[in-house]
Amino acid sequence: MLFRSYLGLLLEHGDRFAEAREVLDHSIDACRAAGLFRPMLTSCFAVTLACANLGDLRGALDRLALLERMLAEFEDRFYHARAATAGSWLWRELGDLGRARALADQAVDLLGPATTGTHPGLHAQLALAETALVAGDDAEAAGLLERAGEQLDRPFGYRWRVELRHAELASRLDPPAAEGLLQQARAY
């Protein structure tokens with residue numbers, strides 16, 4: 001049961017989204033039956049991402065709603081923030097920038113200054129920056145990206161993903177910077 005959660009997470013992070021969705025959906029049920037709460041949260045979060053990466057936004061929203069129901073009774077700001085960041089992405093993709101902004105703000109607030117320069121903290125900040133970018137507020141997006149970029153000097157897990165995401169958003173503000181993004185992507 002526990003191994004399915006980790007395997008599904010690795011498959012999702014390895015861009016094997018269809019396989020990840022299948023493994024993680026089974027993992028949620030198995031973890032629920034065994035009473036493994038944290039692996040069940042991880043599975044639910046990762047399957048939300050896998051569905052969205054497959055273009056199955058309805059499936060992603062359904063799994064996000066399941067994650068939010070599981071979290072409703074628990075004070076776990078890190079998982080609440082991850083759910084809010086994922087929700088921001090989904091609602092931004094669906095064109096609801098107000099909802100996307102509110103969720104990104106919520107994620108940043110939940111994580112607070114103690115998580116500055118961390119994987120979840122930076123993803124929340126980058127969600128806020130992308131929402132500003134999509135809304136056409138290039139000045140706010142640039143400021144948010146600059147603040148996030150100043151935090152990239154610390155070591156943390158999945159740093160390369162955050163660096164690529166930051167570079168991708170920066171290149172949308174400055175298209176010639178896309179060459180640097182391409183070099184970074186090749187390096188990783």
- Message: Is there a side chain to side chain contact (heavy atoms under 4.5 Å, CB included) between D76 and R38? Walk through the geometry before answering.
- Response: CA-CA 10 Å; D76 186 325; R38 190 150 301 270; 2.7 Å; yes
- Query: Got a sec, which residues hit side-chain hydrogen bond (donor to acceptor under 3.5 Å, both in side chains) with R16, two or more places apart in sequence or on another chain?
  - Reply: E19
- Those residues that, when tested against R21, pass side-chain hydrogen bond (donor to acceptor under 3.5 Å, both in side chains) (two or more places apart): D56
Which pairs of donor and acceptor atoms, one on a side chain in residues 173-188, lie under 3.5 Å apart (sequence neighbours left out)?
unit_1	atom_1	unit_2	atom_2	d
Y188	OH	E163	OE1	2.0

For [X], enumerate each residue passing the side chain to side chain contact (heavy atoms under 4.5 Å, CB included) test, keeping only those at least two apart in sequence or located in another chain.
X    : result
A81  : A107, L110, L111
D62  : R58
V162 : H119, L122, H123, L126, L152, F156

Give the minimum heavy-atom separation between [X] and [Y], together with the two atoms involved.
X    : Y    : value
P39  : S5   : O-OG, 3.1 Å
A141 : A129 : CB-O, 3.6 Å
A148 : Q125 : CA-OE1, 4.0 Å
G8   : A20  : O-CB, 3.6 Å

- Message: Determine whether a donor-acceptor pair (N or O, by modelled atom type, separation under 3.5 Å) exists between the side chain of R159 and the backbone of R154.
- Response: yes
- Item | Under 3.5 Å donor-acceptor, T48 side chain and C44 backbone | yes
Tell me who clusters with [X], hydrophobic residues only, linked when side chains sit under 4.5 Å apart either directly or through other members.
X   : result
L71 : L24, I28, F37, M40, L41, F45, V47, L49, L57, L61, L64, L66, L67, M70, F74, Y79, W89, L90, W91, L94, L103
L97 : V134
L54 : F17

- Item | Residue pairs, two or more places apart or on separate chains, that pass salt bridge (Lys or Arg N to Asp or Glu O under 4.0 Å) and touch residues 87-97 | R92-E130
- Scan for salt bridge (Lys or Arg N to Asp or Glu O under 4.0 Å) pairs involving residues 135-149, sequence neighbours excluded, and state none if there are none. R101-E140
- H13 meets the ring-ring contact (aromatic ring centres under 6.0 Å, His included) criterion, sequence neighbours left out, with Y158
- Task: Could you walk me through whether D29 and D25 pass side chain to side chain contact (heavy atoms under 4.5 Å, CB included), step by step?
- Result: CA-CA 7 Å; D29 294 335; D25 278 338; 5.9 Å; no
